[in-house]
Structure formats: C-alpha cells, structure tokens
Engineer: 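Before we start, here is the structure in question, set down as structure tokens.
So you know, we letter chains A, B, ... as the sequences are listed, proteins then strands, and number each from 1.
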Amino acid sequence: MAELQNQRIETEEFFDMRREVLEAWPTGAEVNLDEAVAYQKSIPPPKRFSGVLDSALAAGGTLIQPRAGVALVEQQIALLKYLEEKGGADLLPATVDSYTRQNQYREAGKGIEESFAAGRSMLNGFPIVNHGVNESRRVIEAVSIPVQVRHGTPDARLLAEISIAAGFTAFEGGGISYNIPYAKDISLEATINYWQYVDRLTGWYEEQGVTINREPFGPLTGTLVPPCISHAVAIIETLLAAEQGARNISVGYGQCGNLIQDVAALKALNILAREYLERYNYQVALSTVFHQWMGGFPADEAKAFAVIAWGAAAAAFAKATKVIVKTPHEAFGVPTKEANGDGLKATRQILNMLRDQVLPESDEIDAEVAVNLAETRSILEKVVELGEGDWAKGAVRAFAAGILDIPFAPSRVNRGKVMPVRDDKGAVRFLDNGNIPLPRDVLEYHREKVAARAKTERRPVSFQMVIDDIYAISKGMLVGRPG
Amino acid sequence: MAELQNQRIETEEFFDMRREVLEAWPTGAEVNLDEAVAYQKSIPPPKRFSGVLDSALAAGGTLIQPRAGVALVEQQIALLKYLEEKGGADLLPATVDSYTRQNQYREAGKGIEESFAAGRSMLNGFPIVNHGVNESRRVIEAVSIPVQVRHGTPDARLLAEISIAAGFTAFEGGGISYNIPYAKDISLEATINYWQYVDRLTGWYEEQGVTINREPFGPLTGTLVPPCISHAVAIIETLLAAEQGARNISVGYGQCGNLIQDVAALKALNILAREYLERYNYQVALSTVFHQWMGGFPADEAKAFAVIAWGAAAAAFAKATKVIVKTPHEAFGVPTKEANGDGLKATRQILNMLRDQVLPESDEIDAEVAVNLAETRSILEKVVELGEGDWAKGAVRAFAAGILDIPFAPSRVNRGKVMPVRDDKGAVRFLDNGNIPLPRDVLEYHREKVAARAKTERRPVSFQMVIDDIYAISKGMLVGRPG
Amino acid sequence: MKKYTLVLGVIGMDVHAVGNKILEYAFTNAGFKVVNLGVMVSQAEFIDAAIETAADAMMISSLYGHGELDCRGLRGKCIEAGIGNILLYVGGNLVVGKASFAEVEQKFKAMGFDRIYPPGTAPETAIRDLKEDLGLMT
Amino acid sequence: MKKYTLVLGVIGMDVHAVGNKILEYAFTNAGFKVVNLGVMVSQAEFIDAAIETAADAMMISSLYGHGELDCRGLRGKCIEAGIGNILLYVGGNLVVGKASFAEVEQKFKAMGFDRIYPPGTAPETAIRDLKEDLGLMT
Ligand code: B12
Ligand code: B12
C-alpha cells in the first residue's frame, strides 16, 4: 500500500485493487461494471437517492428514512415494502448485519442458514455480500423508492462493489466514522484507504453518468458527542470523498436533545461543509441528515414515542433534508416492521405539523452557531495543519495526537481523553476537552455552561455526572440530575 | 330568579337555593356541610389541588393530568390508581358521564346497572351524583394525589355540592364554557346563575378555610378556536368566580398547533387574567392550564402519540402550570387505562426533556402576544361596556350581539357567525370575525395572514379551507392544504 | 331528478357539533335535501321530523359513547309510526371505548340499522351508499 | 477481604462500548478486580483471560443481537479449559428483536449461563447477585 494521501486514486491502480477486492468472496464475480452502469442507468430519478434528495432540497421539506435489515431476501422485501407502503417512508435502507460489517462472510452465511431454519432472522441486518448482486437486485426491484446501504463496515470495498452493482443508489460510511465507533483494532490508515476506494468507485460511476449518494456517518458513537467533533469528522470525510469524485454527499448529525443546540449545529454543519468544499472547488450537491437520538432509549414504548417525536421536531426546525427515524422498540432489539412503521408515522405527523412553522431567529441560536463554527474550524485547521495540507494524513495524525477524539469509542486508535457532559439546559459540552484544540473563549463558554449546571445540582462536575447523563434519556430525562 | 348580576350571592339566599338543589336527587341528602368541611380539612396539602398547584408554581415545572371516568366506583378506583402509579399522573380527574352532565340521573342510573350487567362501562364517565358522597369518597381515599371533577355540565349545582362534600378539591367549568359548547337550548342567564351558585359554594368553603380550585373550561369546542375568544371567556368566568369568593383559579387554553401562537397565547392569557383580577382587587392564586390538541385526532396510534408529544412540547415551552393529556385512543373512544397511561408517559418524557430548555425570546412571539392582548382586551372591554360595568350582564348581551361567538358551538345562544381558519404557518386566524370587535390593525393582521395562505395554496379563502383545517390534524397535517 | 330528503342529527345527550355541520354541508352539496336537527336529538324528534318531511333516510350520529343506549328501539318506533321502511344510517364513535368494528356493526345491524359506519368515515362513503340504497347509481 | 476477579467484555463482533465502560466503573467501585477486555472479544480471549487472572466470573455483554450465535458452546470450552466451574453471567440485548425474556433466559440457562439479564439491567443488580453467588452476602 502506497503512502496514504488525499489524492484521487489513479484509474489503473484502482482497477488493480478491484481485482483483489472482488476475489474476497465468490459473489464478487457477479460484479460486471458495464452491465452495472447500464443497470444503474435504468433506475429512474424517483428511485434514485440523488433524485429524491434534489427534489426535497428544492421543495424544502424533510424526508424520512428508517433503518431496517433482516437475514433473508424475501424477508427484506416484505420489510421494505411494508415500510414504504404502510410506514410511508420516503427513502429506504438495507441495514447490513454485523458479521458482514466485519467481513466475516462465513459467519454471515451461517446466520442465513440458521435464519432459514429458525424461521426468524438470526442476523441483525441484511448480508448483502452473501446474497450477491442478483439476489440483492430483487430487493431494489420490489420497491418504488430509493434504497441506501447503511452499515458500519470498516472495510466496505466489496460491500460497495456489490451494493452499487446491485442498484443501491446511496452508500453510508467513511474511513473515520465507520472505524472509530465500529472497530477496535483497525488502523485509520487502512480504513481511510479502504474508503478512498469506495469513494473512487463512486467517482468512477459518476464519470459514467451514474450518481451515487455518499453519507458520512454523522452520529459516531451516538452518545453525547459534542457537535464540533462529529462536524469535523463529517467534513473531513466529505473532502476525502469529493477528492475521489463523489458529487452527491449528505452530511449527518445525531440529535443531542437541546433544541437550540441541535438547530444551531445543523445550521453550522451546513455552512461549514459548503465552506470547505468551496475552498477546494469541489462541485458537490450537499444535503443534511438529522438522526433522532442515537443513545440509549427508554424501554417504555410510549416514552420512546416521545423521544422519537422530539427528534422529529428538532429535525423539522433544523430543516434537515432527511431524518433517520428510531422506533419504539429501540431499547430492546431490532424492531418488528410494525414498530419500525410506527416510528415513521409518528415522525411524519410531526414533520407535517411543523413543516410550515419556523423557529424564530434569536441571539441564543446565533451565539450557539457562532461557537459551533469557531470550535469546528479550530479543529479542522489543526487537522489540515498536522497533515501539512493533506486531510488524510491530517486525520490520522490528529487522532494519534488526540486532536480528534470521539467519546466512548471502542477503537484503540482513539485517545479517549475527551469527556462530554450536559450543561444546565441539556446542551452537550466538554467536561474535559482532552487535546481537542478549542479557542480560549469557546473553552470558557463550555466551562461556564458546565459550572452553571454544577451549581444548580450542588455537586461537583465529575464522571458520575456523565454516567447520569448517559442514562438520562432512557430514564425519562435529558439532564442526569441527582436524586 | 332575581335579575342576573355579577354580585356575591347573599348567604341567606344561597342557603335557600341549596335546599332546593339538594332535593333534586336522593343523594343530595348525603351532603352535610359541617361534616364536609371537616372531611375536606382532613385532606392534607399534597392531596389538595391548591397545594399541588402552589408547589408547581414555586418549582416552575408543568404538572400532568389525564381525563378518566368509568361507570362504577371499583372501576374508577382501579383506573385512577393505575394512572397515578403506572401513568405517573400528578393530578387525577373524575370525568363525569354525559347523562349526569344533563342532570339525567335516571339515565345515568340505568347506565350503572347496564355496566354491572355488561361487565364493562356503558357510560362515558363517572356518575358522581348517582354514586353520592360516601361512595365517591372511596375514590378520593384510594389515591394519594388530588382529584378534580371534570365534566361539561350546564347546571352543575348538585354535582358541585356532592363533589366537594365527597372530597374532590377542584371543580372544572363555568357558566359560559359549560354551556355554549355543551348544550343546545339553555339560556346563558340560567347557566351563569347556576355557576354563580357553584362559585358561591366554593367561596363558602373558602370562608371555612377550605380552598377548592376552580377551572373555567378553556378549549370550548376544541376546534380552531381563536385564542382571543377562549381568553375572553376564561377571564369573564374568572371574574365571576372571584366575585363569589373563589380564590384559587386555573385559566385554560386549548392548543392550536402553531408553537409561536400557542406560547404567545398562554403568555397573554396569564397577563390578562392577572390584569383583570387586579382591576377589581380580587386576591386569587392563578395558574394556567394547557390542553393538548382538543380537535379531531388521527386514528393511527403512532400519529396520535406524535400529536400528544407536540402538545407536551408546546405546554413545556409555554410554561403552563399543568397540561391536560390526550391518549392514543382519542380518535376511537374512551381510552383503556393503558392507553391513558401511555399518553401520560409520553407527555412526561417530553416535559422532562424540555424542562430546562427555554424558547428564546423573539420578535415573532412578542408580536403575537401583542396582537393577542389587543384583541382580547377589545372584546372584554366591549363586554363590560354592554353590561354597563357588570360582567354577567355583559356576557349575556355579548353573546346575543355576537360580540362573543364560539366557532362550531351547538348552542342556540351562540350566533355562530364567526369562522376561523389557519394561516400559512398554521396559526388560527379569523376568516370571518362576525361581530367580534377587533381593532382595525388586528383585523388587518388576520387578513394578511389568511391572504398569505390563500396565495400559497392558489385558491380563494372559503369554507372548504375551514373543512380542510378541521380534518387536517386527523389526516396528519396542521394546515389543510388542497390536493 | 327527484330531491331525496335526509333527516340529520346527533342522537341522545350528545353535543358533538362539528361533524354534524360538515355532514350537512356535504350531503347538501351532494344534492340531497337535508333537514338538520343539530345535536341532542331524541328518537321522537327524529321520527317526527322524518314524518313531517317525508324523509327517505335518517342519518344519525353518535360520538360520545352512549350510542348503544340511545339507539335501542328506534326501528321499532319507526314501524309504530308507520315509517318502518325508512333507511337508518348511523355513524360516529358508537360505543364506549375502542371496540372491534365488526362487533359494533353486528350489534347495530341487529337493532335494525341499514348502514353502520366506524369512526372517521368520510361523508363521501355514505353518499355513495345512499345513492346505491336509493337506486340512484348510474 | 479477598478481591474477587471478574473478566468483563463484549462478545463477538459487537462494538457497543458505552455499557462496557460503565460496567467496568461500577464493578470496580463495588470492590471487584475487573479485567476489562473491551469490545469484540472472542470466546477464546475470554477463556484465556480468565485462566491467566484466575477469575471468579465472566461478565459477558452482548448488545447487537448475535448473542445467541456468539455464546454457544462457551460453557463447554470452559470445561475443556479446566475452568468449568467459573460463573458465567451474560446481559444486554441478547437476541435479535424484542423477545420474551423468559424464553431468552431459558435458552441461555440451557447453554450453561448462571445468570442472564434483560436489556437495561442496572449494574447494581448484577453486583448483588455476584455477592450472593460468591458467598459474600452479609
Ligand atoms: C449507542 C448505540 C449504538 C452505537 C454504539 C457506539 C459504541 N461503539 O458504543 C452505534 C451507533 C455505533 C451502534 C451500532 C450498532 N447497533 Co446499536 N445501539 C446503540 C443504543 C442506542 C444504545 C446502547 C448504549 O450505549 N446504551 C447505554 C448503555 C449504558 O447501556 P447498555 O449498552 O444497554 O448496557 C447496560 C445494560 O444493558 C447492562 N448490561 C450490558 N451488558 C451486561 C452484562 C451483564 C453481565 C450485566 C449484568 C449487565 C449488562 O449494563 C450496562 C450498563 O448499565 C442501543 C439501543 C438502546 N439501548 O437504546 C442500540 C442497539 C444495541 N444497537 C443495535 C444494533 C443492531 C446495532 C448495529 C448492528 C446496527 C445499527 N443499528 O447500526 C450496529 C452494531 C455494530 C456492531 N458491530 O456491534 C440493536 C441491537 C438489536 C438487537 N439486540 O436485537 C440495538 C438494541 C438497537 C435496536 N433496537 O435495533 N449502536
Ligand atoms: C371536539 C371534541 C369534543 C368537543 C366537542 C365540541 C362540540 N360541541 O362539537 C368537546 C370538548 C366539547 C367534547 C366533549 C365531550 N366529548 Co368529545 N370529542 C371531540 C373530538 C376530539 C373530536 C370530534 C370532532 O369534532 N371531530 C371532527 C369531526 C369532523 O369528525 P366526527 O365528529 O368524527 O364526525 C365525522 C365522522 O365521524 C362521520 N360521521 C359522524 N356521524 C356520522 C353519521 C353517519 C350516518 C355517517 C355516514 C358518518 C358520520 O362524519 C363526520 C364528518 O366527517 C373527539 C375525538 C376525535 N374524533 O378525535 C372526542 C370524542 C368524540 N369525545 C368523547 C367524549 C367522551 C366527550 C365527553 C363525554 C367527555 C369529555 N371528554 O369531555 C364530552 C361529551 C359531551 C356531550 N354531552 O356530548 C369521546 C367519545 C368516547 C367514545 N365514543 O367512547 C371521544 C371519541 C374522545 C375519546 N376518545 O374519549 N368533545
């Protein structure tokens, strides 16, 4: 492997890599690029991610998309048809199982067999690689709206090859966002490189006139991630993808729960992503994704509905292009199709009731946007400085130095020195910013906000506060107050 | 009956009236005022409405209260215990059945018998008069939080006598709000007079050191009622109650659905109620009530949860003292206790997640508050002018003249010339203000807002728009757009 | 075309007025002569109005839950009054609580109603049925 | 008092790290020596660590739904490895989907686990059980 750098992979080199990738599992042989391009071109705009996102951007509404994956093709078809027809989804997913995510296709295969035998899905997602191009196409063809592959795969090269050839028109993930929260022992050099491949593949299709939407995974660990951290990652991945030729990108953000922070964060993310794309003159159609609360959910379904509805309200006020929807089963397990549909319907009701409403402009939101812009720029500029102008190198070095650091991430690559905590109004702040470079006034802002909470609660800021915050929403609160 | 006027009923006259009232049904004989005062005094503050409201006003949170009523005492006890223990209600209700509301105690008695026979409640509420003082006390004693009587009874004199003697510590209703939306053929003179009796009874208990909370019914017909109309009614009833000696009053408002309008409306209501109480030097502990959407609900339970959650969010931002909670069964029928508990739990989750959040101040809200203050004052001043300084007379004459006019009300006393419609952002405006006196600039404000919607929808303002709005929330929207 | 006459109202002690106003509007727009008795209408009032206007159908609403108690015996009284053949339609939230509609329908069928509608039925549905039952289908 | 040793980890290809960090904190605070293997731990790694540290119990998490596939045969391998008597606790979201806990418990009991916990179990519950199973109750 050549030295990692943020530079478009040469076509020849890319095709050399492809051969090896496709050999990793027998279904790789089903990928025939010319035929795949023709197949993709036969998919009309209303069934393409880019087409539906474009319309939504023009019309101004917020689209809804569930997560959904089961072991078998027929089950997956039934599930997606239900979510389209009964749930009223605008966009569909194929959420991939955890074995496939770790390239353990043999285990995934066992899971498929056991699912046949058990008569229920023994896998937590849809194993696209095992099913292969032709079988997976049956899924795309059974529905009349676009389908995205959603996963969490550090090395998604084969998955991307098969997915795009199979007619999926959007592919989630990135070299950072699908490593640090989703892996333990894989180097960032490796995953960024794997994802340059995915992006290069996307760019190649783009050159043939086929637009595939790419979406860095916004929420990361989903647990009290300060917006500047997830923004920095999303923007780095956007730049890396754009460099390889991706032209349709959705940047995402996971709800923190404080409305002002959430609305401000999505606004800042949108501004920043455009700003950095412009800096390098990348021509990208940009859209935004708002994830309903990604941390621990309440077990009670009525309470879960409330969390879902609140996420929908924040998405509406934030004017996200799409919102990723949770379900009332979240705390328990992979939802039934009915529970999944219920999450969609509750979300739709809120979005519709709020679609003509706006959150008035205010100093509070402006201040929050300003802080969020400043802190994210501060991180990003340090990253590119460390990389000596190269975002790929910068990202690797930034993680090593703790300049980028994701709370609660399992990866050894991550320093794990950062500790977030909620402030007195429930916004996520830094209890400890570790080595994340923040302007002094921003740091002061965080300190004051956290101190105000400590004062209200008459207890010192401590790890106990963080634990209380981690449990808070699942226990029916936003801020984890004592007693 | 003496000429109607807003003046404290003389004690002697009151006790004369009482005799007659108590004779209307055998259970009236169970009321013994001295014993009732002693019983009421044995109820400690945490089980009294006034006590719990006071604490909430001091602490700043929003309390939750369901509606709930079934035919039989044991069922009612099981229901309320469930709502307290499993639903986590702060305040409980006994919602009274429709026969009792029309003083048809014989029909209510049949309903009780049929409910015994059928093994399920054949009545849509709890028939307090038929059960009488002693049986009803079993309900109060079975729970450990306060219980209010909620109904819709034009002539609630006997109901009030029995309820307060039975230990209920709050009594909803008023001479206007429990006539116009709840009756067809009863004169306002009569119902205002009946409710002066109820308020005088409340005042009498107050003199004995027993505080009973009184709550004018805010939402009226629950269907697109412009805030100034319900505010005017709530304030007139507050003044009438205060004159008779009521000292603990909650003014209510039914959610319209546009957040800015709802937050502004509750703010204006609070300001206005205090302003008018002060004008007459009434010493009243005032609190506010926010009703989750009172019009037609979506049949789908997931969507109903979303409507409930949105109502909870508006209540939180409006800083209401309590919120009256709907259930996912709303569109179908009187809810099961589980569905009722689910509404409470969803509401609690939202209130908790928002309890530390504030909606930032903004010009939009200020403007809406200003309009709402101006229009309500304009109506109220005309009412008191018509009454030559007397609010009771003024109210009667105002309805006759259409100065007060409630949309979609069944009463013949109501002119029914007013027609509301949503504007382009979903706020409820006047399509036709009938004879309701509004300042010219306010009228212009309404006209512009409605015109903006007509423009967006490229159709003229018409009754079809109103029909579309009536159905909108039940069909998953706020504004009833065409197509 | 002959104008068919409908007697419309909300039965019993029920005051739910909103649906009633919409039904009046919809049935009138559909070409029927509508005699709207409003809310809180007794069985006797329905029958008197039907006789007086030589109505073809009674369109009865019950929203508040006491529909079962309020509607009992209506068909019998119609027969006694000499209008035993009048069409009886009923709709709304007919019983207390969220019930299986099949059961509710059977109960009201047994009580002599011709058409029974679940909560939230659109006026158009009833208009279509009316045209069928009155032989007005094209 | 003797310090009891727990081997803690998230089994299989599961990366859910948040609960694991909290469990480490809670068990340590409760006085146990905690050997935390983190996420993505194989059966072999659990067993090796238990032997190496002479652990008294394995505290296994599985959140992602493949718990049933990942946990099979673990008791047998413990027996083979000569630590057949070690306490095996497992908790989290053990199977795919919202399942009846009674069934899940029975399934894992049959697989040789001593204690099985439903989603959202508080660490305190396991600590109480541990004290009981280790004979530490006062
Ligand atoms: C945050 C989260 C994520 C984050 C994890 C970040 C990270 N690396 O940690 C991200 C977004 C990356 C993620 C990914 C995935 N997730 Co996830 N995730 C969650 C979520 C929302 C919260 C988990 C959490 O942190 N809870 C807070 C901690 C404190 O609680 P806890 O984990 O439950 O642990 C506590 C208790 O369970 C107990 N406990 C746990 N283990 C043990 C063991 C013993 C012995 C004892 C006594 C107690 C005990 O004590 C812990 C501390 O209190 C849950 C759903 C939920 N609970 O609301 C889903 C959930 C666990 N995820 C799920 C799934 C399917 C996935 C994915 C496969 C697919 C996806 N949806 O993207 C991937 C899995 C990737 C992989 N290979 O593992 C499913 C599992 C389904 C099932 N079992 O049927 C869940 C239940 C969501 C759902 N309903 O679909 N997820
Ligand atoms: C608004 C409302 C009120 C307002 C009514 C104002 C007024 N005077 O009109 C107020 C607040 C005063 C009120 C009071 C009460 N209400 Co109310 N109310 C509602 C609510 C929320 C909406 C009704 C409405 O206006 N819908 C909009 C219109 C357009 O729809 P609709 O009424 O359903 O009518 C349409 C269809 O049903 C159909 N239809 C109706 N009749 C017929 C007949 C035929 C032949 C056909 C073909 C079609 C048809 O066509 C109509 C037009 O599209 C409903 C619940 C819901 N639906 O969400 C409860 C509801 C009807 N109310 C209920 C109850 C119990 C009461 C009260 C007893 C107690 C209380 N909760 O306070 C009192 C009753 C007082 C009395 N004596 O009648 C219950 C009935 C319970 C049951 N059946 O089991 C309901 C279902 C709420 C609930 N789930 O508990 N209510």
Engineer: Can you tell me which portion of B:Pro328 sits under 4.5 Å from chain A's heavy atoms? Options are side chain, backbone, both or neither.
Structural biologist: neither
Engineer: Taking every non-hydrogen pair under 4.5 Å, which of A:Thr456, A:Asp342, A:Val358, A:Leu354 racks up the most with chain B?
Structural biologist: A:Leu354
Engineer: So what's closer than 4.5 Å to chain A heavy atoms on B:Arg422: side chain, backbone, both or neither?
Structural biologist: neither
Engineer: Among B:Lys475, B:Glu361, B:Lys345, B:Arg355, which residue forms the greatest number of heavy-atom pairs with chain A at distances under 4.5 Å?
Structural biologist: B:Lys345
Engineer: Look at the rings of A:Trp310 and B:Phe317 and say which category their plane angle falls in: under 30° parallel, 30 to 60° tilted, over 60° perpendicular.
Structural biologist: tilted
Engineer: Can you tell if the side chain of B:Gln357 reaches within under 4.5 Å of the side chain of A:Asn258, non-hydrogen atoms only?
Structural biologist: yes
Engineer: Could you give the distance from CG (A:Leu344) to NZ (B:Lys303), rounded to the nearest 0.5 Å?
Structural biologist: 11.0 Å
Engineer: For a quick test of reading the model, state the closest non-hydrogen atom pair linking B:Gln349 to A:Val307 and the distance between them.
Structural biologist: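 Between these two residues, the closest heavy atoms are NE2-CG2, 3.4 Å.
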Engineer: So, applying side-chain contact (heavy atoms from CB on, under 4.5 Å) with A:Pro360, which one of B:Asp363, B:Ile260, B:Leu259 is it?
Structural biologist: B:Ile260
Engineer: If you count heavy-atom pairs under 4.5 Å between each of A:Ile350, A:Ile308, A:Thr347 and chain B, which one has the most?
Structural biologist: A:Ile350
Engineer: Answer with side chain, backbone, both or neither: which region of A:Asp300 has an atom nearer than 4.5 Å to a non-hydrogen atom of chain B?
Structural biologist: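 Only the side chain of A:Asp300 comes within 4.5 Å of chain B.
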Engineer: Measure B:Leu351 against the heavy atoms of chain A and call it side chain, backbone, both or neither at under 4.5 Å.
Structural biologist: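 Contact with chain A: none, neither part.
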Engineer: Is any side-chain heavy atom of A:Leu359 closer than 4.5 Å to one of B:Leu359?
Structural biologist: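 Heavy-atom side-chain distance check passes, below 4.5 Å.
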Engineer: Answer yes or no: is there an ion pair linking A:Arg481 with B:Asp356, defined by an N-O contact shorter than 4.0 Å?
Structural biologist: yes
Engineer: Work out which heavy atom in B:Ala309 is nearest to a heavy atom in A:Ala309; give both atom names and the distance.
Structural biologist: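 Nearest heavy atoms, B:Ala309 then A:Ala309: CB-CB, 3.4 Å.
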